[in-house]
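Numbering of residues begins at 1 and proceeds along the displayed sequence. Small disclaimer: the values here were computed from a predicted structure and weren't measured.
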Amino acid sequence: MDGTRCPVILIGYDCFSSILRENGFLGGRLVPVDPLKPYSSGDPQSLDTFQFVLQSFDEALGMPLPSGLSELDKAARLLVASGGRLGLLENLLTNARQEARGPRVCC
């Protein structure tokens with residue numbers, strides 16, 4: 001492996017792609033690729049794919065019952081809340097899990 005290279009994937013952040021292209025310190029170490037777009041709430045096929053990803057997350061949780069993450073209404077809300085970016089979705093779900101597992105305050 002080439003220790004001088006670090007893979008970077010930016011999904012849905014077009015403003016950063018120009019910074020990477022114009023950065024002289026990168027010295028031609030960038031591999032041109034097609035930009036990846038975040039999932040879109042206005043595209044039914046994009047929402048279907050997003051639901052599939054959520055279903056995969058749900059199955060990976062290994063819970064006795066499904067959480068319902070991939071139900072249409074929840075998926076649409078999570079898509080909007082995360083801007084269609086899986087990294088932000090992961091952060092959202094991680095924070096929700098930590099809140100759910102946090103210390104319970106009893107009256």
Side-chain angles (χ1 to χ4, degrees):
M1 177 162 172
D2 185 348
T4 63
R5 296 175 189 249
C6 176
V8 176
I9 298 175
L10 300 171
I11 300 173
Y13 293 96
D14 293 331
C15 59
F16 293 121
S17 62
S18 63
I19 294 170
L20 291 174
R21 278 193 299 273
E22 297 167 10
N23 187 333
F25 292 107
L26 295 176
R29 292 181 275 177
L30 296 176
V31 177
V33 295
D34 293 329
L36 300 173
K37 301 287 183 194
Y39 294 104
S40 169
S41 59
D43 176 19
Q45 184 178 2
S46 192
L47 179 56
D48 286 346
T49 305
F50 195 75
Q51 281 183 277
F52 178 77
V53 170
L54 287 171
Q55 182 179 353
S56 299
F57 283 176
D58 201 358
E59 291 169 1
L61 291 173
M63 296 172 62
L65 296 173
S67 69
L69 283 176
S70 61
E71 293 172 2
L72 181 59
D73 186 55
K74 285 182 189 172
R77 290 171 186 261
L78 288 168
L79 176 61
V80 170
S82 67
R85 296 174 178 94
L86 294 180
L88 294 179
L89 172 65
E90 191 275 333
N91 288 340
L92 180 68
L93 295 175
T94 297
N95 289 332
R97 184 189 69 225
Q98 289 171 344
E99 281 289 322
R101 291 183 177 170
R104 305 268 175 175
V105 178
C106 184
C107 312

Can you name the closest pair of heavy atoms from Ala81 and Leu92 and give their distance?
-> CB-CD2, 4.0 Å

Determine whether the side chains of Gln51 and Gln55 contain a donor N or O and an acceptor N or O closer than 3.5 Å.
-> no

In a table with atom names and distances, give each donor-acceptor pair under 3.5 Å that connects a side chain of residues 61-71 to protein atoms at least two apart or in another chain.
unit_1: Ser67; atom_1: OG; unit_2: Asp58; atom_2: OD1; d: 3.0
unit_1: Ser67; atom_1: OG; unit_2: Asp58; atom_2: OD2; d: 3.2
unit_1: Ser67; atom_1: OG; unit_2: Leu69; atom_2: N; d: 3.3

Which side-chain hydrogen bond (donor to acceptor under 3.5 Å, both in side chains) pairs, counting each pair once, include a residue from residues 72-83, with sequence neighbours left out?
-> Asp73-Arg77

Considering all heavy atoms, the nearest Pro38-Gly83 contact = CB-O, 3.5 Å

Identified side-chain contact (heavy atoms from CB on, under 4.5 Å) counterpart of Glu90 within the set Leu93, Leu88, Thr94 | Thr94

Check whether Val53 and Val80 end up in the same hydrophobic cluster, where Ile, Leu, Val, Met, Phe, Trp and Tyr are linked by side-chain heavy atoms less than 4.5 Å apart.
-> no

With sequence neighbours excluded, give me every ring pair (Phe, Tyr, Trp, His ring centres under 6.0 Å) pair touching residues 40-77.
-> Tyr39-Phe50

Measure the CG-CG distance between Leu54 and Leu89 for me, rounded to the nearest 0.5 Å.
-> 5.5 Å

